[in-house]
Protein chains: 2
Amino acid sequence: MTPTSQRIEIGSVLLAQPQHLSAEQILAEVRRHGLRVSKATIYNTLNLFVRQGLVREVNVDPTRTFYDSTTHPHHHFFNADTGELIDIPPNSVVFEQMPVLPEGTVQDRVDVVIRLRNES
Amino acid sequence: MTPTSQRIEIGSVLLAQPQHLSAEQILAEVRRHGLRVSKATIYNTLNLFVRQGLVREVNVDPTRTFYDSTTHPHHHFFNADTGELIDIPPNSVVFEQMPVLPEGTVQDRVDVVIRLRNES
DNA sequence: CTGTGTGCAAAGCTTTTGCACTACT
DNA sequence: AGTAGTGCAAAAGCTTTGCACACAG
């Protein structure tokens, strides 16, 4: 986990604020800052960050993976019309009842995605 | 929406029982039944079925889309160790509180995914 | 000089598109 | 013959892999 210039820059871009970025957006941003970097390095670095627990992957849109700089448990709104992903404030989703887990398994985490459309 | 042999066979395979299949699995199954069909037709047909409301897409694993023959609202367990997707019985997930939606949007649907791991 | 670990070109996926073709009218 | 709609080869796009290279010990 050597802190190379690519890794530092990718980390700075994504972790600057709570946000959800695709690999493509991160690549564009890092290049805009003047660093020469390939798409493969973006992916490799993001996967590394995910394994290290620095960022979280969010899968809602099958066409692209979002990387989320907020790692503590929280949920998402996904606007199907705009492709926008918005954090749901913690504690605004509360469960009254949860199912029994299948035999031999333990719970890893719970993802709630509320899909939205723009009001006609 | 002409009922061609390809469409009938794909429909039979997927809708035979409540299940979650990937495009790859459906292709294999349809071919095992002796029908000559391309992957593109599988995708085109499944997308058509989704638009018609016959099946639902489920996105949990970024590497593949699952097609779910159960269309009424329900949630899923996803076993991250096995890649297995299991229906959660309806009514076993109950919300006590839900967030206010962003301005100008309406709710489409809510997806809850409980990620599991095998017990060590 | 050796070994660990990086960054990227090329390869490997899944999924979509464009077009020849079919089957009704 | 015209037209609406199908099925698939080829293309597109996202992600991973394999390898040349760099740097620390």
Side-chain angles (χ1 to χ4, degrees), chain A residues 1-14 19-68 78 80-81 83-85, chain B residues 1-15 19-68 78 80 83-85:
Chain A
M1 182 72 170
T2 308
T4 59
S5 60
Q6 281 82 350
R7 294 187 175 180
I8 292 171
E9 190 58 35
I10 294 169
S12 314
V13 166
L14 183 54
Q19 62 186 335
H20 316 91
L21 298 176
S22 64
E24 189 64 46
Q25 291 173 309
I26 293 170
L27 177 65
E29 191 62 21
V30 169
R31 284 189 174 161
R32 212 174 57 71
H33 288 204
L35 189 60
R36 206 179 149 282
V37 66
S38 76
K39 222 167 182 182
T41 296
I42 297 286
Y43 277 106
N44 289 341
T45 304
L46 288 170
N47 286 341
L48 177 67
F49 284 1
V50 168
R51 283 197 300 279
Q52 301 284 334
L54 284 174
V55 302
R56 260 182 56 178
E57 277 178 336
V58 183
N59 306 121
V60 276
D61 185 338
T63 68
R64 58 195 162 169
T65 299
F66 282 104
Y67 295 87
D68 188 339
F78 177 64
D81 285 332
E84 202 181 0
L85 195 61
Chain B
M1 182 72 171
T2 308
T4 60
S5 59
Q6 281 83 351
R7 294 188 174 179
I8 291 171
E9 190 58 35
I10 293 170
S12 314
V13 166
L14 183 54
L15 299 172
Q19 62 186 335
H20 316 92
L21 297 176
S22 64
E24 188 64 44
Q25 291 174 309
I26 294 169
L27 177 66
E29 191 62 19
V30 169
R31 284 190 173 161
R32 210 173 59 71
H33 288 203
L35 189 59
R36 207 179 149 282
V37 66
S38 75
K39 222 167 182 182
T41 297
I42 297 287
Y43 278 105
N44 289 342
T45 303
L46 288 171
N47 287 340
L48 177 67
F49 285 1
V50 168
R51 282 196 300 280
Q52 301 285 333
L54 283 175
V55 303
R56 258 182 56 178
E57 278 179 335
V58 183
N59 306 120
V60 275
D61 185 337
T63 69
R64 58 196 163 167
T65 300
F66 282 103
Y67 295 87
D68 188 340
F78 177 65
E84 201 182 0
L85 196 60

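Here is the naming used below: chain letters follow the sequence lines, and residue numbers restart at 1 for every chain. The shown structure was predicted, so the numbers you read here are calculated from the model rather than taken from an experiment.
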DNA chain D: 5'-proximal contact among B/Met1 and B/Thr63 (nearest heavy atom):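 The answer here is B/Met1.
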- request: To the nearest 0.5 Å, tell me how far B/Leu35 CG sits from B/Leu27 CG.
  value: 10.0 Å
field: Between CG on residue B/Leu21 and CG on residue B/Leu85, distance to nearest 0.5 Å
entry: 10.5 Å
At 4.0 Å (heavy atoms only), tell me whether [X] reaches a base, stays on the sugar-phosphate, or touches nothing.
X: B/Asn47; value: sugar-phosphate
X: B/Thr4; value: sugar-phosphate
X: A/Thr2; value: sugar-phosphate
X: A/Thr45; value: nothing

How many Å lie between [atom1] on [X] and [atom2] on [N], as a whole number?
X: B/Leu27; N: C/dC13; atom1: CG; atom2: C1'; result: 14 Å
X: A/Arg64; N: D/dG13; atom1: CZ; atom2: P; result: 14 Å
X: A/Phe49; N: C/dG7; atom1: CZ; atom2: P; result: 10 Å
X: A/Ile42; N: C/dA9; atom1: CD1; atom2: P; result: 13 Å
X: B/Ile10; N: D/dT6; atom1: CD1; atom2: C1'; result: 12 Å
X: A/Glu9; N: C/dG7; atom1: CD; atom2: P; result: 13 Å
X: B/Asn44; N: C/dT14; atom1: CG; atom2: C1'; result: 13 Å
X: A/Ile26; N: D/dC14; atom1: CD1; atom2: C1'; result: 14 Å

Of the listed nucleotides ([options]), which one gets closest to any side-chain atom of [X]?
X: A/Arg36; options: D/dC8, C/dC8, C/dT14; result: C/dC8
X: A/Gln6; options: D/dC8, C/dG5, C/dG7; result: C/dG7
X: A/Arg7; options: C/dT6, D/dG7, C/dT17; result: C/dT6

Side-chain heavy-atom pair [X], [Y] within 4.5 angstrom cut-off:
X: A/Leu14; Y: A/Leu46; value: yes
X: B/Glu24; Y: B/Lys39; value: yes
X: A/Glu9; Y: A/Val37; value: no
X: B/Phe49; Y: B/Met1; value: yes
X: B/Asn59; Y: A/Val60; value: no

- prompt: Would you say a side-chain N or O of A/Ser38 is under 4.0 Å from OP1 or OP2 of C/dG7?
  reply: no
- prompt: Within the structure, does a side-chain N or O atom of B/Lys39 lie under 4.0 Å from either OP1 or OP2 of C/dT14?
  reply: yes
What's touching nucleotides 20-25 of chain C from the protein side, N or O pairs under 3.5 Å?
none

- prompt: Knowing that exactly one of B/Val58, B/Leu54, B/Ile42, B/Asn47 qualifies, which makes a side-chain contact (heavy atoms from CB on, under 4.5 Å) with B/Tyr67?
  reply: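 Single pass found, and it is B/Asn47.
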